[in-house]
Amino acid sequence: MDSKKAEILDQLCKQEFIGHGNPSFFHGRIYKSVPPLPEVKWECSYKPRGDLEGPEWLTGTEYSDTESVFKDKIKKLARLVRLSEKTVIYSGAGISVAAGINQAARSSGTFSDISTDADPTITHRAITALKENGMVDCWIQQNHDGLPQKAGYPQEDIFEIHGSWYDPSNPVVCYDGIMRGDLFSRMKRASDSADLVLVLGTSLSGLNSDQVAINPAKRSCEGKSLGTVIVNLQQTAKDGEATLRLFSETDQVFTALLENLGIPIKENITEVPDNCVFVPYNANGKRSGKLRMYLDLTEGQKIRLNPDHNCQGSRQPKLLHIFGKGAQDYQEVIRKPGPGNGYVGKYLSTLSAWELQIEGVPMLLGRWWLQVAERGKLDSIPVINIDPVMGCEDEEGSCDFDVDVVASRMIMEKELENEREKKSAVSGMLIAPGTAASEAQLEEIQIEKDKIDALMEKTLKNMEKTRSLARTLGVTENEDDGSQSNLKDEHKPGDESNIKQQMTEDEQLAYALQLSMDD
């Protein structure tokens, strides 16, 4: 272990969680002595959020570290990021305030009506740069705004646990709604394995997802992680558990951090994506080992939601008719239950998204989703075409568009998917949606292995025949040194049985293999 990391872990083991009355509460457990306290920038006597409880001392007052303390904390933050084996981002609405998006917490900021037309902040672009330099593992996002993806952060490594404006299969989850099961599982794994968590712009007010910050902090007391770094203008109830506590706007922190690390901040992405790509997913939007599909988002194309969408779980009133059990009354309009069908509208460059209509409800699909689908790393994609053009990859890597071949493969994957669901129901454990495709690939690998085993068995038999033939032609092995010599040279030219050239072991094997393949 790095000596600098060992020193920090030792300090965290010695320093227990800090109480609110201790001045160190403003700085973090990494400090051995207490720096000057932060300055009050905006005083508030009310709770940070009116809809959530908290300790009596907690208010919405905003603080700012002094210049000298800020610089020292940036140095410490840079050291932690460099030393961390797995850094996880856990962010709330505070990081998007600079983009003009409102937050639930009270603040000194002014009201704004910007939403889907917002641009990424310095924080979003800086974290994307850290990701590209291997310094961030994943991002657990409470927000719905899609600003990380607009900045170029990969969708595969961002967990939008409360839903998204840009993913129709993962709509914004109401307070009485349910987080999508696969996202909860991924969040839990990140919480259990993170070495360092950067907690940005969230009040840590008791949500289930706050375990992402709390669990690594607990492990740091045992020397098993670097813990958490909290960046927020307001205090939180968990500040005393933090390894390092910064009172500043996140844009200011990440500007200074990347300058310290020598990493340039990324520029915003503005290119218009293609409308149609060839993707490794089946007709239900599940990742497939062999099936390939054209995902076409040209205006007017008919589409449907991935069957694993969370419209019901989100508890959004306007979405309850999608895969619902009966008609739903929303804003004096009766909507009949539907299977999630719809069509593609225009591409809206100001929103970085395609406009969709799903069962009469306008939705958005972020511009990055076609690139994500093309990469094929996620278990599923949000939408698929109705009756898409499909093919099946053959052993040579070419695509066969024969309808019967595709249908056969679909049946195979469907059977495996049904088996997966049965196992999931029996065990009570969530199994990743892409498991069926993986199992199909494993089954194919086993079939190929059986073919190779049979071929090798045949080859070994033919090799024995080849050796016998070689001996009858005068090729023999020297028992002393394993070398071969030609004992006969009286064979007639042109007669295949009269081979004058000596046969090495490799030549015998090649000849036997050819015989096996010709059989």
Can you confirm whether Lys5 is buried at NZ, in the sense that more than 12 heavy atoms of other residues, nucleotides or ligands lie under 6.0 Å from that atom?
yes
Salt-bridge contact Glu299-Lys346 (side-chain N to carboxylate O under 4.0 Å)
yes
Using side-chain contact (heavy atoms from CB on, under 4.5 Å) as the criterion, point out the one residue from Leu244, Val69, Leu246 that pairs with His27.
Val69
Kindly confirm or rule out a cation-pi arrangement of Arg245 over Phe247, judged by NZ or CZ under 6.0 Å from the six-membered ring centre and within 45° of its axis?
yes
dist Leu12:CG -> Thr243:OG1 (nearest 0.5 Å) comes out at 4.5 Å
Please name the pair of heavy atoms, one in Tyr90 and one in Ser209, separated by the smallest distance, quoted to 0.1 Å.
OH-OG, 2.8 Å
Exactly one of Asn275, Ile303, Val279 clears side-chain contact (heavy atoms from CB on, under 4.5 Å) with Leu295, and that residue is Val279
Could you list the residues that satisfy salt bridge (charged side-chain N to carboxylate O under 4.0 Å, His left out) with Lys131, not counting sequence neighbours?
Asp157
Plane angle bin for Phe323 and His309 - parallel if under 30°, tilted between 30 and 60°, otherwise perpendicular:
perpendicular
Glu222 atom CD, neighbour heavy-atom count above 12 within 6.0 Å
yes
In terms of heavy-atom contacts, does CD of Glu249 have more than 12 from other residues, nucleotides or ligands at under 6.0 Å?
no
Go through it in stages, so that I can follow the logic: the residues are Val173 and Met179, the test is side chain to side chain contact (heavy atoms under 4.5 Å, CB included), and I'd like the CA-CA distance, side-chain angles, deciding distance and then a yes or no.
CA-CA 7 Å; Val173 180; Met179 186 191 309; 5.6 Å; no
More than 12 non-hydrogen atoms from neighbouring residues, nucleotides or ligands closer than 6.0 Å to CZ on Arg219, yes or no?
yes
For Leu200 and Val253, what are the C-alpha separation, side-chain angles and deciding distance, and is it a side chain to side chain contact (heavy atoms under 4.5 Å, CB included)?
CA-CA 10 Å; Leu200 312 173; Val253 169; over 6 Å; no
Is it true that a side-chain atom of Asp296 and a backbone atom of Gln301 form a donor plus acceptor pair closer than 3.5 Å?
no
Give a yes or no on whether the backbone of Asp145 and the side-chain of Asn143 come within a donor-acceptor separation of less than 3.5 Å.
no
Taking Gly206's backbone N and O only, do any of them form a donor-acceptor pair with Asp210's side chain (distance below 3.5 Å, no angle check)?
yes
Salt bridge present between Asp182 and Arg180 (N-O < 4.0 angstrom):
yes
Would you indicate whether Glu43, at its atom CD, is surrounded by more than 12 heavy atoms from other residues, nucleotides or ligands within a distance under 6.0 Å?
no
Which pair of heavy atoms, one from Phe254 and one from Ala126, lies closest together, and at what distance?
CB-CB, 3.7 Å
Are Tyr166 and Trp368 near enough that their ring centres are under 6.0 Å apart?
yes
Kindly determine whether Gln149 and Glu160 satisfy side chain to side chain donor-acceptor pair (under 3.5 Å), including the steps that lead there.
CA-CA 11 Å; Gln149 297 95 317; Glu160 294 168 297; 3.0 Å; yes
Over 12 non-hydrogen atoms of neighbours within 6.0 angstrom of CD in Glu56:
no
Check Leu226 against Ser220 and note the closest heavy-atom contact, atom names and distance.
C-CB, 4.3 Å
Side chain to side chain donor-acceptor pair (under 3.5 Å) evaluation trace for Gln155 with Gln371
CA-CA 10 Å; Gln155 178 73 47; Gln371 295 170 327; over 6 Å; no
How about Gln357: does its CD atom have over 12 heavy atoms from other parts shown lying under 6.0 Å from it?
yes
Test log, rule side chain to side chain contact (heavy atoms under 4.5 Å, CB included), inputs Trp42 and Val40
CA-CA 6 Å; Trp42 181 70; Val40 175; over 6 Å; no
Take Ser64 and Glu39, measure what side chain to side chain donor-acceptor pair (under 3.5 Å) needs, and give me the verdict at the end.
CA-CA 5 Å; Ser64 178; Glu39 301 169 349; 5.6 Å; no
Show the nearest heavy-atom pair for residues Ser248 and Leu233, with the distance to one decimal.
C-CD2, 3.6 Å
With a 4.0 Å cut-off, would you call Lys150 and Asp119 a salt bridge?
no
Any cation-pi pair here, Lys266 with Tyr153, using under 6.0 Å and within 45°?
no
All heavy atoms of Asp239 vs all of Thr236, minimum pair found to be OD1-OG1, 2.6 Å
CA sep, side-chain torsions, deciding dist, call: Tyr175, Arg315, side chain to side chain contact (heavy atoms under 4.5 Å, CB included):
CA-CA 9 Å; Tyr175 277 117; Arg315 303 305 299 164; over 6 Å; no
Thr116 side-chain N/O to Leu351 backbone N/O, donor-acceptor pair under 3.5 Å:
no
To the nearest 0.5 Å, what is the distance between CG (Leu365) and CG (Leu348)?
11.5 Å
Name the residue from Val383, Leu356, Ile384, Asn341 that meets the side-chain contact (heavy atoms from CB on, under 4.5 Å) definition with Leu305.
Val383
The reported gap from CD1 in Ile230 to OG in Ser203 (rounded to nearest 0.5 angstrom) is 11.0 Å
Quick one: does any side-chain atom of Thr250 pair with a main-chain N or O of Thr123 as donor and acceptor, under 3.5 Å?
no
Checking Gln11 side chain against Arg29 main chain: does a donor-acceptor pair fall under 3.5 Å?
yes
When you measure from the side chain of Lys47 to the backbone of Pro55, do you find a donor-acceptor pair of N or O atoms at a distance under 3.5 Å?
yes
Flag, side chain of Ser314 to backbone of Cys311, donor-acceptor distance under 3.5 Å:
yes
Show, in sequence, the C-alpha distance, side-chain angles and deciding distance for Tyr31 and Asp72, and conclude whether the side chain to side chain donor-acceptor pair (under 3.5 Å) test is met.
CA-CA 11 Å; Tyr31 278 96; Asp72 183 64; 2.6 Å; yes
Would you please say whether a donor-acceptor pair under 3.5 Å links the side chains of Ser191 and Asn215?
yes
Heavy atoms of other groups near Ile386 CD1, more than 12 under 6.0 Å:
yes
Would you say Glu62's side chain and Gln234's backbone share a donor-acceptor pair under 3.5 angstrom?
no
Does Glu156 pair with Arg375 as a salt bridge, N-O distance under 4.0 Å?
yes
For a salt bridge (charged side-chain N to carboxylate O under 4.0 Å, His left out) with Asp65, tell me which candidate from Lys76, Lys71, Lys73 qualifies.
Lys73
Specify the closest pair of heavy atoms between Ala242 and Thr228, including all atoms of both residues, with the distance to one decimal.
CA-OG1, 3.6 Å
Looking at the rings of Phe159 and Trp139, which for Trp means the six-membered one, are their centres under 6.0 Å apart?
no
Tell me whether Arg287 contacts the main-chain N or O of Lys377 through its side chain, where contact means a donor paired with an acceptor under 3.5 Å.
yes
Residues forming a side chain to side chain donor-acceptor pair (under 3.5 Å) with Thr202, sequence neighbours excluded:
Gln142
Once you measure the plane-to-plane angle for Phe25 and Trp57, does it fall in the parallel (<30°), tilted (30-60°) or perpendicular (>60°) bin?
perpendicular
